Structure formats: C-alpha cells, structure tokens
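Chain naming here is simple, since letters A, B, ... match the order of the sequence lines and numbering starts at 1 in each. Predicted model, so just to flag it, every value in this text is computed and none were measured.
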There are 2 protein chains.
Amino acid sequence: MKTPPVTLITIAEKAGVSVMTVSRALNGEGAVAEKTRAKVRAIAAELGYSPNLSAKMMKGSRTNVIGILVNDLQSAVINEIIGAVSGAVRRLEMDLVIYNSIGGVDDAPNRGLGHMLQGLCDGLLLILPRISDVHLRQLEQRDLPVVLVNYWRPTQLPVVRGGNGDAAAAVTRHLLQLGHRRIGFIAGSAFTGQSQERQRGYEDALEGAGIAIDPALIAPGDFGRRSGYEAACALLTAADAPTAIFAANDEMAFGAIDAVRACGLRMPQDVSVVGFDDIPAAAHVHPGLTTVRQPLAAISEAAVRELLLRISGAGGEQQRVEFPSELVLRESTAKAPRRAGTAIQPPAPAGAGTRKRATRKG
Amino acid sequence: MKTPPVTLITIAEKAGVSVMTVSRALNGEGAVAEKTRAKVRAIAAELGYSPNLSAKMMKGSRTNVIGILVNDLQSAVINEIIGAVSGAVRRLEMDLVIYNSIGGVDDAPNRGLGHMLQGLCDGLLLILPRISDVHLRQLEQRDLPVVLVNYWRPTQLPVVRGGNGDAAAAVTRHLLQLGHRRIGFIAGSAFTGQSQERQRGYEDALEGAGIAIDPALIAPGDFGRRSGYEAACALLTAADAPTAIFAANDEMAFGAIDAVRACGLRMPQDVSVVGFDDIPAAAHVHPGLTTVRQPLAAISEAAVRELLLRISGAGGEQQRVEFPSELVLRESTAKAPRRAGTAIQPPAPAGAGTRKRATRKG
DNA sequence: GTGAAAGCGCTAACAG
DNA sequence: CTGTTAGCGCTTTCAC
C-alpha cells in the first residue's frame, strides 16, 4: 500500500539509462555527462528518492553515517556533547545515529553494538562514562574507526577530551587563595579516568601549597546528586570539618549544597562549594555554582574531525587530544570563615530538597 | 586486519551444515533438529557472531530495531521519554536507535529520515515538539509503522500522550482556590498542540469560575526560558498585573521566576508561579516549583506497545491514547496577596541570572 | 529436517 | 561516457 519504494531501478527506467549510470550520477563520482546527470538528479528529486542504506553498507562502501554510542542520555554534559556533535556532523553533510547502550557497564557487547558495527556507520564516537575494559577490548579488536569522547579508560584508541587535572588544580588554588585550608573533595566513580584526574589536580595543588593531603577530607561518591549529599554530610559532621568542598562534578556539588543547608550552614559564608562541568543548572541556582567548564563544543568538533581522519584511513598521528578547561567563578565560593572546624550535628536522614535518584529494579 | 567478520557462512562451514540451517537455527524458526540447533548456537556464540542487519533489512524481514526520531535532545522531558522508551524496548529484547533530526521544523524530510525509513527500523517513534505538517504528511504517506509520542499536530497517525487540558484546569483551579483572580498565562509555541490545550484548560477553569478571560493576561512565549522571562516582565509591569503566573512549561516558569525577582517581587508571597512538565530542576530550585507531571513512563511504554501493534500489522483500533497528568504542589504558589495590582517598574533589560539561549549561527 | 537457488538494492571492476 | 557482470549476507521458496 501507499508509496512503493523508489530505487535506482525506478529512476533508471524513467530516465532511460542503466542503473549504474544513475548510481554514478547521484553519487557525483565517475564520469557522467553533465546532461545525463542533471536529468537523473531531477528525476530522483521528483520521485523523492533516498538511497537504501542497507544495500550501500552491504557493499562496504561508505554510508556517510556516523554513530554515537552512549550509555547515559540523562547527563547534561553528554547531551551538550551530542548537540555539538550533531551540529558538526550536519555541517559535513553526514548523518548521525545514536545508539543508547543503556544498562550497566558490561552492556551491549554483542547486541546493538554489533549491529552498528556491521556497517551501518562509517565510524563510531564513544561517549561512555561507564565502559568496561572488556567492552573496550572488543572495540579495539574491531576494524571500525572509533574515537572516545571525554570519557576514557586506558586504551590505544584515540581519545578527545577536556582537561581535568589542571582545572581541578585551579579550583583548589582558588579556594586556597580565599583562605581555605581544609578543603574536602568528593570523588566520582572510577569507571572513567575523570574523577581520578580531578582528584590528582586537587592533590597537586594542595601539595604545591605545602598542605598535606588528609585522606579524611576525601569522600567517595558516584557522580550522583545523592552521593554528593551523603559524602558532604560525612565531611561536614566529622571533627575538623572542611570549610570548602570541591565535588568532582556539579551533580554531586548540588548534593553537597543540600547537605550544607541540611546541616544548618550557609553557603558560601560558612562553606564554599565548587563543582565541575558547568551544567546549565549550575548557572540557574542561587547562588550560582562556581565550577569548571570543559570546552565541549571544541571537543566535539575535534572528535568528529579525528573520526573522519580514521574513516578516511589517515590513521591517527595524534592519539590523545586534550582541550584546556576553564574555571567559572560564581557565587558559591567565598572567603574562608574564621571559625575553627566545629563538629556539626548530623541532619535528618533524607535532606530536604534532595531528590532520590531513580533506582531501577531488575 | 584485526577480526574478519563472522557471517552465517563462517558458522555453516564450521558446523558442517548449510547456511540455511544456520539461519533457521539462530532465528528459532523453521524446523531444525534440536541437536543441530544447539551445535550451531554454540559455534555462533563462540565466534561472537552478530547478524548483519543490513542484509536482514534488505530482505525486508524484521530487524528488531525500533527507531526514535527526535528533534530536541536538550529537553529534559524528551530525555526522560527516551530513557523510558529505552527500558521498554530493552525488555522486549529489541534494539533502539535514535535519530536526531536537529535543525528546523522542515528538516530531515529526505535526509536521515529516509535512511531510517529504508528498513533499518521496524517502526518509528516520533518525539518531535516541532514538526511541520509537510513532514507529517510525508510520514503518513510512508508505509512504515509510526507512533507520535507526546507531541502532535492534526494527523491520522496514532498518538500517545499525556493530558494537558484537564491538568491545566486543575492548576488554574488551584490558583483560584488560593484567592488569585488575575492569573497570567504564558503560552508556548504553536508547533505542537500542547500549548493550545494547556491554554484551553486555563480558560475553561476561569470560565467555570465565572471569571472573564482577559487577553491582556495571556502572553506569548516559545517554551524557552528567555521567552518566559520576557512574557512575565510584560505581564508584571502592565497595569492591573496578575498575582499568579501559569507558564505552559517549566522552562518558561523559571524565566518567569527570574522576572518576578528582577521586578523586586517575592515568590510566592507577591506572585505565585506554576509550570508544566515537572522537569527535574523543578524540584531542585528553592522554593520548589508547583507544576504538572505527565506520566512519561506510562506514555512511553504505551507508545512502544502501540508501535509494536502496528509493526505486527494489527493496525490500530485506538488512534489516540491519553494518560492523565498530575498536579504537583510545591512552594511556588501561595495565597493571593492583598494588594491590588500596582504597576511595577520594568527591570533592567537582561534579568540577573537569566541565561541567554544559545543562538546558532548559520 | 535440510539444502540449493534466487534475489533484495547497490556498487566495484571491467568491458565497450 | 555508459553498460554488464558479479556479489555483499541474508532469507524466502521450493525441492529433496
């Protein structure tokens, strides 16, 4: 029913030429008489022809589609990256398909991923904050051009990313300049190198200022708001509590802010809070969150460019590209208070305004 | 280099059977000896076989992939829908591919869309807050199972969506009960029926309460935060200003809140603000935003179910499914203040804390 | 229960 | 410049 599919054959018949000529005319390659080409193109346009990708990819030729493999579409950072990649891809007159390999770390080794790998895409951009090494090894084995974007684990695959260590050091120095001496750090999960690098920057800056690193000031988190809340509660209620908290990402910083309030403290007067990522909400809250902005647009563009290089076989000279991140000062940091760290009463179990992260059964 | 692709042939040779048998064994269809099947499956697993979708779709058989066509990946609502759809699809052991038809309303009629239509997906979920009628007509022509999710225009295609009118009426009645008599409404863009329906609910509730609709209280917006700010400024600085503002979505409500503050007014004491959508940020701001929550999970599941029906040819008995939305009361609404609407000084051009929407050149 | 043949829409390679 | 042949990996149809 409805419209029958338009194939090269349809056009060939209507134009009175062979299928091959139509193919060449439409793809702009091979020698075709200008006149023929024009005619064929006109008919194709009229009929609303769009090439059957499946057939194209079966022949192993380029599909002009690049794929994104992502496993967390909820993340503001990732959505920004995807937006930027979309733009870049579009400017190249290519198409973009996103494969959401939701689920856990070990997900989609053969499912889905396999499908995409099987030729649909010319290349793949990986935006995987949680990727397992097993999965990564599989990708290394494959003969598909691939670039890791912003999230990585040790690998030989090319990586394009924003700076973490330098910016984290800058954050820490900023806090030091404000007179803070006990600065807490809330780490993220270890599935990506991001948190470690940020922590390293924090530690380097402290050491650079001649301040010993106190393990009691480093709390574990998982990049989720809730974990930031809990980590901050732990930090703030301990003896000799920090006067500033640096969270490895904005979400956790928000949780930390919740905790500060739940502890009856003021932000930034009593406790300064800094995040990382500069997600849109960081600018929207009051007071605005001091944080770090990664140049996601530049990262995305570069990643696409890198991928294109791999696709065209000009296999990488540069295996790792890093763009410096930038400190964004807002109102969540202030001069360190005079008080020595006094022990604080722990708040009620679930802090007001704290949103529980959705937990999925299964 | 690296791993050569594993095809049915590879497996057939290794198993000492024909390609056909392998195909049947793997797909579970057709009669195959249990023994053969087990053997074939074992080899397939061992070799890490994953079927070449391209070939599959070329034969027009089902690919077990469903596609999402979306044109705004920045939207929190849409991301929530996509998350829910992902889950539903996964539970069905199918795969999901997202096609981001960014750009304008008239975009992707033949590009991209065409590709997906050409068989990659068994069916398409459309999450298109901005879709043109032209585009919609094209889709209607196509012989591909399609379901519109949450956003729609007049069409014969099936639609699964959350309620708008009833919930908007509930919001309005809530404000009326708080004593508000002059309630402003900020409309969204007209590309989807959502804004109109929400406005209708607002008007119905007012009329139901015997209050005449004042066109001066209805301001145009485009669902963006900035437009909410501007619309609210206009409402608040006019003579006989409203004591409550109902924005057609949360983003605009946030803009309205910025405006309330920029005008030197307090929220909710001087002006109550209500949004629509219950995006995560609505719960995160202080005071929390009273808004409406659409049952996105239910909507998404139903949409997938509807789509599956179409795919299996059981063409729809039900063309429109609607799930009731729910009023979420938080702290942005309060009893109407005593003051008569006094004229307010307009704020400085760009309100503090207002984030300009990114404008893309080209 | 299994296999052989044909063909999906397209393009690379080689004629003409 | 244009046409012919062959074949990508798979499934459908029909044979054994």
Original post:
Should the pair Arg91(A)-Glu301(A) be classified as a salt bridge under the 4.0 Å nitrogen-to-oxygen rule?
Top reply: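 The answer is yes: the pair qualifies as a salt bridge.
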Original post:
Are Arg130(A) and Asp72(A) close enough for a salt bridge, meaning some N to O gap below 4.0 Å?
Top reply: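 Answer for the salt bridge query: no.
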Original post:
How long is the gap from CD on Gln156(B) to CZ on Arg137(B), to the nearest 0.5 Å?
Top reply: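 Result: 7.5 Å between the selected atoms.
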Subject >> Spacing between Glu13(B) atom CD and dG9(D) atom C1', to the nearest angstrom >> reply: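 Nearest whole value for this atom pair: 13 Å.
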**OP:** Give the rounded distance in Å between these two atoms: CD of Glu34(A) and P of dC1(D).
**Re:**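 Computing the Glu34(A):CD to dC1(D):P distance gives 9 Å.
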**OP:** Can you check each nucleotide of nucleotides 6-16 of chain C against protein heavy atoms at under 4.0 Å and return B for base, S for sugar-phosphate only, - for none, in 5' to 3' order?
**Re:** -BBBBBBB---
Original post:
Which residues pass the side chain to side chain contact (heavy atoms under 4.5 Å, CB included) test with Ala303(B), sequence neighbours left out?
Top reply: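 If we apply the side chain to side chain contact (heavy atoms under 4.5 Å, CB included) test to Ala303(B), skipping adjacent residues, the hits are Leu125(B), Val147(B), Val149(B), Val160(B).
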**OP:** Taking all non-hydrogen atoms of both residues into account, name the closest pair between Leu296(A) and Ala84(A) and its distance.
**Re:**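 Nearest pair, atom of Leu296(A) first, then Ala84(A): O-CB, 4.3 Å.
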**OP:** Check whether any side-chain heavy atom of Tyr99(B) sits under 4.5 Å from a side-chain heavy atom of Val70(B), and report yes or no.
**Re:**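 No. Closest side-chain heavy atoms not under 4.5 Å.
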Subject >> Sugar-phosphate, base or nothing in reach of Ala31(B), heavy atoms under 4.0 Å >> reply: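 Contact class for Ala31(B): base.
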Original post:
Does a nitrogen or oxygen in the side chain of Ser18(A) sit under 4.0 Å from OP1 or OP2 of dT4(D)?
Top reply: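 Result: no.
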